[in-house]
Structure formats: C-alpha cells, structure tokens
Amino acid sequence: MWFKKLFITGIMCTSIIAGSTIGVYALDTSYTVQKGDTYWIISQKLGVPINSLMAANNANQNTVIYVGQKITVPQYKLYTVVSGDTYWKVSQKLGVSLDELLALNGANGKSYLYIGQQIKIPLSGISQAAPPSRGSKPYITYKNYVVVKGDTYWRISQKFGLPLAELMKANNLSQSAWPNIGDVVKIPVHNVPIKSTPGPQYGEALDWWTEAQYVIPIGADFEVVDFKTGKSFKARRTTGANHADCEALTAGDTKIIKEIWGGSLNWVKRPVLVKYNGRKIAASMSSMPHAGNDSAAAGVWTSWRSDNYGAGTNYDWIKKNGMDGHFDIHFLNSTKHSDGAVDSGHQANIKAAAGLK
C-alpha cells in the first residue's frame, strides 16, 4: 500500500490513497542514538519489537544510524492476523482495549480482518490504557522514559509521582546509581480501579499503600471538601511517604481552612473528601502546619521550622499562602511519620467519609 508519513506536533499521521484503511499512530516518543547502538540493541533497551521500530523509521537491515540521531519509538507492535481473528478476539487474546485497538488501526465495529494482514497492537504500559473497570484489582504496567539533561533519579520519581525506592527497585538500581543522558528508565504505572460507594455523598476507600498514593501523586493539585460542612479549598500534595503532606495553594485557601477548623490551624482531625481527576477519595485531615518556614527557601536547611520542629530541612514548598510548612491528609491504612503507627482517629474519619460505619 502506497503511503507517506506526516509529522505534526509529535503525532505521526498517515496519508493514504482511496480505498485504503486510514490509520493513525498513537503519540510517538523519540530516542537519541548512543555509541554502539543498532536497531536491535535499541529494541532490546526499550522493549519494542524490532520490526515495529524499523517500520516506524522506514528502516531496513541495511539502514545505518548515527550517534546523536533521533529515531521514532512507536507505541505499538505489529500483529499478523490468523484464521478466525476479529478485532474483538484479538483484543481479548492480547489483553488490550477493543476501543483503543480499533482507533489505532482506523477501524470500527464493521471492519474485517484478513489472514496475513498486519495490525497495530498497543504496547502494554506505553499506550494510553482503557479506564479500569469498577470492582477489578489494582495492577501495574510499565512504560519507558529516556533520561534528559538535568535528570536525577529523585527528579524522575517526582516527575512521575513515585516513591524513589520503588523507582530504584523497578530498575534494579542501588541508592548510589546515577542516570546518564539517553539511559532508558522503566517507570511503574499504577492502574487503580474505581471503587463503588454507598452513596454519592461518600468517597472511595482507597488503601494508601497500593492505591491512594498513586491516585493522588506528589505534585497533584486537588480540591478538599470538608465532609461535615461542605466547604472546600484547594491544596497540593508536596511530599509525604506514610501519608500525604499537603499545603494550601493560596492565602485564600488557608483562610477557608481556618474557618472550617473553628478559626485557627490546629491538630483536630476532620473527615474530608479529596477530589482529583474526576474521583472523590475518602480521607481525614488535620490543619496544623508543621516542619516548615514560609520565609525560607524550600528543601534546604533552615534554623527555624513551625510547630517546634526546630532546625532542619524546610518542608514548605508553596510560598505566601499564609502558613509555614505542610499539614497531614490520611487515607485508608496510612500511618504516622513519627512512629509508623496507624492513627485510629484518622482511620475512623476515613471510614465515615467512605460510608463504612
């Protein structure tokens, strides 16, 4: 089939002659060729079938690549149709979304397949996954990330909202490892299904360790709704391993927090709902800011920190928001940073916000 490729803002489209099936590639990524690379070596590095990699670059066995050259990394692999195949059967056989499979191949519910025909299959963990179904269990897929200038493993973990230890473990790396430009890093992608609730006023009860910390990743801006009054404000998860450490986005948000908590920022625990990306999660929050200094640079040593924390690393990332440091938001089964113990008061609030008691 005659065709030509058009590159438009990173999306590779296909222009074809009349009577042919129109196909649109998923968003491609690029890889910068390193010394010693061949198409086969790159395919092994990135976990992409070599025939798909070469087809995406109009390459053949005689094609030479050069150090510094950027090549297209397709987000699909090729599958050869066998007797009895339909798009639905292929989607079930290979565990991919039928809607995504049809879209990737420019097909619809009436499209036929022919023995020997090659179709594109989304690569697991790289292509956009179908929304998880209610009631299914969380699962992990993986995608590849190519290291760029300025990256550290910590920055990569923050970029993808992952604990640093998890990123290092997924790549079999020691704590002393350092990334080089062009390295390929495997990124865990946590797919967390939507859970049903007893009613629309309640939030999902998501386990902190396997679900909530990935649904609400570090860096996420979200809305917090007080479960009892319905008042709401905006916040950001700035850090936190055992639970979410968060900060008000603006001084106006801090003012609303004070109103909800009876006029002051304090350690009283209240049931709340965290609304993010169309989801509503049951949680519990105390409003007392701690371990930070709004007047000092974030992430560096400071001689004073709020709530009698003394000198140390400044955990205050959002400036001029009317509070020094961050406050705590707990989710199902999350624990305290001080001793790693579950806080019964927070857990009771979470169950109330989830309609579990």
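Note that the numbering runs from 1 along the sequence shown for the chain. On a predicted model such as this, the values are computed, not experimentally measured, just so you know.
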Work out which heavy atom in [X] is nearest to a heavy atom in [Y]; give both atom names and the distance.
X: Trp209; Y: Asn242; answer: CH2-CA, 3.8 Å
X: Asp151; Y: Pro179; answer: O-CG, 3.7 Å
X: Ala177; Y: Met168; answer: CB-CE, 4.3 Å
X: Asn144; Y: Lys186; answer: OD1-CA, 4.3 Å
X: Asp37; Y: Ile41; answer: OD1-CG2, 3.7 Å
X: Trp301; Y: Ala311; answer: CZ2-CB, 3.5 Å

Given 3.5 Å as the limit, does a donor-acceptor pair link the side chain of [X] with the main chain of [Y], or not?
X: Gln347; Y: Ser344; value: no
X: Thr229; Y: Lys231; value: yes
X: Asp343; Y: Thr335; value: no
X: Ser306; Y: Gly292; value: yes
X: Arg237; Y: Ile216; value: yes
X: Asn105; Y: Leu102; value: no
X: Asn321; Y: Ala248; value: yes
X: Asp339; Y: Ala341; value: yes
X: His290; Y: His326; value: yes
X: Lys351; Y: Ala282; value: no

Does any non-hydrogen side-chain atom of [Y] lie less than 4.5 Å from one of [X]?
X: Asn57; Y: Thr72; answer: yes
X: Tyr112; Y: Thr86; answer: no
X: Phe222; Y: Cys246; answer: yes
X: Leu206; Y: Leu332; answer: no
X: His243; Y: Asp245; answer: yes
X: Thr238; Y: Ile218; answer: no
X: Met323; Y: Asp294; answer: no
X: Thr32; Y: Gln34; answer: yes

Does [X] share a hydrophobic cluster with [Y], counting links as ILVMFWY side-chain heavy atoms below 4.5 Å and allowing steps through other members?
X: Leu273; Y: Ile194; value: no
X: Val268; Y: Val274; value: yes
X: Ile65; Y: Val67; value: no
X: Val82; Y: Trp88; value: yes
X: Val184; Y: Val33; value: yes

- Stepwise side-chain contact (heavy atoms from CB on, under 4.5 Å) check, Met285 with Trp261: CA-CA 10 Å; Met285 173 180 155; Trp261 265 261; 3.7 Å; yes
Gap between atom [atom2] of [Y] and atom [atom1] of [X] - 0.5 Å precision:
X: Thr254; Y: Lys234; atom1: OG1; atom2: NZ; answer: 14.0 Å
X: Ser287; Y: Ile256; atom1: OG; atom2: CD1; answer: 13.5 Å
X: Ile257; Y: Glu247; atom1: CD1; atom2: CD; answer: 10.5 Å
X: Gln158; Y: Thr152; atom1: CD; atom2: OG1; answer: 8.5 Å
X: Ile187; Y: Phe160; atom1: CD1; atom2: CZ; answer: 4.5 Å
X: Trp304; Y: Asn308; atom1: CH2; atom2: CG; answer: 9.0 Å

- Please list, chain by chain and in numerical order, all residues satisfying side chain to side chain donor-acceptor pair (under 3.5 Å) with Asn293, sequence neighbours excluded.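 Here the qualifying residues are Thr302.
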Should we say atom [atom1] of [X] is surrounded by more than 12 heavy atoms from elsewhere, each under 6.0 Å from it?
X: Phe327; atom1: CZ; value: yes
X: Lys255; atom1: NZ; value: no
X: Lys336; atom1: NZ; value: yes

Between [Y] and [X], does any NZ, NE, NH1 or NH2 come within less than 4.0 Å of an OD or OE carboxylate oxygen?
X: Arg270; Y: Asp226; answer: yes
X: Asp328; Y: Lys269; answer: no
X: Glu211; Y: Lys195; answer: yes
X: Glu204; Y: Arg279; answer: yes

- Task: Given side-chain contact (heavy atoms from CB on, under 4.5 Å), test Ile42 with Ile71 step by step and report yes or no.
- Result: CA-CA 10 Å; Ile42 295 169; Ile71 64 173; 3.5 Å; yes
- Task: Might you work through the side chain to side chain donor-acceptor pair (under 3.5 Å) test for Thr141 and Asn191, ending with a clear yes or no?
- Result: CA-CA 8 Å; Thr141 54; Asn191 301 273; 3.2 Å; yes
- Task: Please say whether the positively charged group of Arg236, taken as NZ for Lys or CZ for Arg, lies over the ring of Trp317, i.e. under 6.0 angstrom from the six-membered ring centre and within 45 degrees of the axis.
- Result: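 Arg236 over Trp317 ring: no.
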- Item | Working for side chain to side chain donor-acceptor pair (under 3.5 Å), residues Asn349 and Ser284 | CA-CA 6 Å; Asn349 283 340; Ser284 177; 3.0 Å; yes
- Message: Is there a side-chain contact (heavy atoms from CB on, under 4.5 Å) between Val185 and Leu167? Walk through the geometry before answering.
- Response: CA-CA 9 Å; Val185 180; Leu167 179 69; 3.9 Å; yes
- Query: For the residue pair His190 and Tyr214, does the interplanar ring angle fall in the parallel (under 30°), tilted (30 to 60°) or perpendicular (over 60°) class?
  - Reply: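 Parallel: the ring planes of His190 and Tyr214 meet at under 30°.
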- Measure up the Trp208 and Phe331 rings against each other and bin them: parallel (under 30°), tilted (30 to 60°), perpendicular (over 60°).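 Trp208 and Phe331: parallel rings.
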- Item | Verdict with reasoning, Val225 to Val272, per side-chain contact (heavy atoms from CB on, under 4.5 Å) | CA-CA 6 Å; Val225 180; Val272 298; over 6 Å; no
- Message: Could you walk me through whether Asp85 and Tyr79 satisfy the side chain to side chain donor-acceptor pair (under 3.5 Å) test, starting with their C-alpha distance in whole Å, then the side-chain angles of each, then the deciding distance to 0.1 Å, before giving a yes or no?
- Response: CA-CA 11 Å; Asp85 273 345; Tyr79 170 81; 2.7 Å; yes
